[in-house]
Structures are given as structure tokens and as C-alpha cells.
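Reading through the C-alpha cells given below for one structure.
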Amino acid sequence: MVPCSQLALNYLSSQETQSDLEVILEFLEEYYRQNTAENATGRKVRLFHFLFEMLEDPNMAHCVSWVPTATGVFHFSSRNKDQVAALWGQRKGNKRPMTYQKMSRALRNYARSGEIFKVKKKLTYQFSQDTLRSLQRCHPGNL
DNA sequence: ACACTCGGGATCGTCC
DNA sequence: CGGACGATCCCGAGTG
């Protein structure tokens, strides 16, 4: 997560015509909206955010893991893929249980927005460069 | 023949 | 209310 102060500075320097107070209030409102409800209740989390979390968690390696050969490529375990899906549905608070079939449909939608692409291999997908960079920026952990 | 995987249209829920 | 957007549901085709 980029520090609030740095974001605010960038924002301020690009909005020199408005009054400082106006700009600051506008920024804080947006910042607060993006960084509270999301982390607290998981309401605004997108599927690829969740998947990135799973991929960074060593305890989930039996479900999803990075493919070492290329950056941003990951694949699901054929046996445990539905476990990831179940956790995803749980995170979203869905009434009906999530399955890999339904979750993978959402993954396929990411091809249109260019966030994640399907690769030829079974059960494997690839984050786009931009998506991967922004995810790593928000996740100050390893790498 | 069979189970598993992929593709996509339709629909839903939330937000503005 | 209605459109945009992301996700969910469902069914049929593809494949080893």
C-alpha cells in the first residue's frame, strides 16, 4: 500500500488551481473509501486480489502456486482447486457455495480487461505485467 | 465412453 | 430509475 502522504503530495501537485483544503478533503474522502471497507469486511476485494493473496501464502501451495518458468503465471491443483473457490465465495459472503467452474468464469472475464490471461496449459493463467506490478506494490511482503 | 476443462450468454448485486 | 461494472449461474462444446 502506497503511503497516504505520498499519494496526497502527488495529488496536490497536479491540482494547483483548486484550493488546498478542497483538494485535501476530496483526496481523503476517496482514500478512506478505498481503504476501509475493503480490508475490514472484504466487500470491495476483487477476485485477482484474493488470488494474489493465496499465491503469496505458503499454506495455500497445495491449492494454487506460481509456475516458476514465467513471471505472473500460476496454476491450480486439480485436486484442491475447489478449496480456493470455496474460500473465495466465503470471503465474498455468497449464499451459494463457489466452485472452480464459476470462479474460472470470472478469471476468463479478466482477459477482456487485460488483467489476467489464460495460457494454453490446463488450469493455468497469467497476470498481466501491469496487474502484477500493482499487486506487488500493494503487498509489501516478499519478492 | 467418461470426467474434467474451457467458453460464453444470461443474469445478478452493488455502486454512482 | 438506469447504466456501468464485476461476479455468479448454467449449459454446451472441447479434449485427453
Side-chain angles (χ1 to χ4, degrees), chain A residues 1-4 6-8 10-141 143:
Chain A
M1 188 73 60
V2 179
C4 179
Q6 182 188 329
L7 284 177
N10 295 340
Y11 197 90
L12 280 173
S13 60
S14 65
Q15 304 274 333
E16 291 170 331
T17 55
Q18 300 184 27
S19 85
D20 288 356
L21 182 59
E22 193 178 338
V23 170
I24 289 173
L25 287 178
E26 191 176 315
F27 169 81
L28 286 177
E29 190 178 310
E30 177 69 14
Y31 186 87
Y32 186 80
R33 184 175 331 140
Q34 290 184 2
N35 296 295
T36 49
E38 170 176 325
N39 294 333
T41 63
R43 286 193 56 181
K44 258 297 177 79
V45 179
R46 294 243 264 145
L47 173 56
F48 68 87
H49 296 141
F50 171 80
L51 280 179
F52 187 77
E53 276 181 38
M54 296 298 103
L55 285 162
E56 294 293 280
D57 184 354
N59 298 328
M60 298 302 290
H62 63 295
C63 299
V64 259
S65 57
W66 295 109
V67 173
T69 51
T71 61
V73 179
F74 62 98
H75 73 110
F76 295 90
S77 151
S78 184
R79 179 177 268 96
N80 301 123
K81 56 190 185 320
D82 282 307
Q83 193 172 323
V84 192
L87 283 174
W88 167 238
Q90 203 172 307
R91 172 78 76 95
K92 284 289 294 296
N94 294 340
K95 299 175 182 182
R96 310 181 56 183
M98 178 52 61
T99 65
Y100 173 79
Q101 247 217 140
K102 295 189 284 183
M103 187 179 69
S104 65
R105 179 71 187 93
L107 248 28
R108 269 176 258 127
N109 282 149
Y110 285 147
R112 284 173 40 78
S113 48
E115 284 154 328
I116 292 179
F117 295 98
K118 184 77 182 75
V119 310
K120 289 65 59 184
K121 210 172 176 199
K122 262 190 181 184
L123 300 174
T124 95
Y125 301 79
Q126 179 170 25
F127 285 99
S128 76
Q129 298 272 354
D130 289 345
T131 307
L132 200 56
R133 270 200 300 269
S134 69
L135 284 171
Q136 286 166 348
R137 206 177 306 130
C138 293
H139 208 271
L143 293 184

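Letters go in sequence order (proteins before strands), and every chain restarts at 1.
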A/K118 NZ to B/dG8 C1', straight-line distance once rounded to whole Å: 15 Å

Comparing A/R96 with A/E115, nearest DNA chain C nucleotide closer to 5' gives the residue A/E115

Just call it for A/Y110: base, sugar-phosphate, or nothing, with non-hydrogen atoms closer than 4.0 Å on any strand. sugar-phosphate

What is the distance, rounded to the nearest whole Å, between atom CG of A/L47 and atom C1' of C/dA7? 8 Å

Hey, is the side chain of A/R105 pairing donor to acceptor with the base of B/dG9 inside 3.5 Å? yes

Taking for each residue the nucleotide of DNA chain B with the nearest heavy atom, is it A/N109 or A/Y100 whose nucleotide lies nearer the 5' end? A/Y100

Is it the case that the side chain of A/E115 and the backbone of A/D130 share a donor-acceptor pair, with hydrogens and angles ignored and the cut-off at 3.5 Å? no

Side-chain (A/Y110) to main-chain (A/F48) donor-acceptor, under 3.5 angstrom: yes

Rounded distance in Å - CZ (A/R108) to P (C/dG6): 17 Å

Please report the distance, rounded to the nearest Å, between NZ in A/K121 and P in B/dT5. 14 Å

Considering only heavy atoms and no angle criterion, is a donor-acceptor pair shorter than 3.5 Å present between the side chain of A/R46 and the base of C/dG6? no

Under 3.5 Å, is there a donor-acceptor pair between the side chain of A/D82 and the main chain of A/T99? no

Need one value for A/M103: base, sugar-phosphate or nothing, where a base atom within 4.0 Å counts as base even if backbone is also close, heavy atoms only. nothing

Whole angstroms only, please: what is the CD-C1' distance between A/Q90 and C/dA7? 17 Å

Judged by each residue's nearest nucleotide on DNA chain C, which is more toward the 5′ side, A/S113 or A/T99? A/S113

Within the 4.0 Å heavy-atom criterion, would you say A/K95 contacts the bases, only the backbone, or no part of the nucleic acid? nothing

Using only atom types and a distance under 3.5 Å, with no angle test, would you say the side chain of A/K118 pairs donor to acceptor with the backbone of A/T124? yes

Kindly give the atom pairs (protein nitrogen or oxygen, nucleotide nitrogen or oxygen) under 3.5 Å for nucleotides 11-16 of chain C.
| residue | atom | partner | partner atom | Å |
| --- | --- | --- | --- | --- |
| C/dC11 | N4 | A/Q101 | OE1 | 3.1 |

Let me know the distance between CD1 of A/I116 and C1' of C/dG6, rounded to the nearest Å. 13 Å

Rounded distance in Å - NE2 (A/H49) to C1' (C/dG6): 12 Å

Return no unless some side-chain N or O of A/W88 is found under 4.0 Å from OP1 or OP2 of C/dT8. yes

C/dT8 phosphate, OP1 or OP2: any side-chain N/O from A/N94 under 4.0 angstrom? yes

Do A/K102 side-chain atoms and A/P97 backbone N/O form a donor-acceptor pair below 3.5 Å? yes

Report yes if at least one side-chain N or O of A/S78 is closer than 4.0 Å to OP1 or OP2 of B/dC4; otherwise report no. no

Taking atom C1' of B/dC6 as reference, at what distance in whole Å does atom CZ of A/F117 sit? 17 Å

How many angstroms lie between atom OG1 of A/T131 and atom CZ of A/F117, to the nearest 0.5 angstrom? 8.0 Å

Apply side chain to side chain donor-acceptor pair (under 3.5 Å) to A/Q90 and list each qualifying residue two or more places apart in sequence or on a separate chain. none

Hey, does the side chain of A/K102 come within less than 4.0 Å of C/dC10's phosphate (OP1/OP2), counting only N and O? no

Tell me whether A/K92 contacts the main-chain N or O of A/K95 through its side chain, where contact means a donor paired with an acceptor under 3.5 Å. no

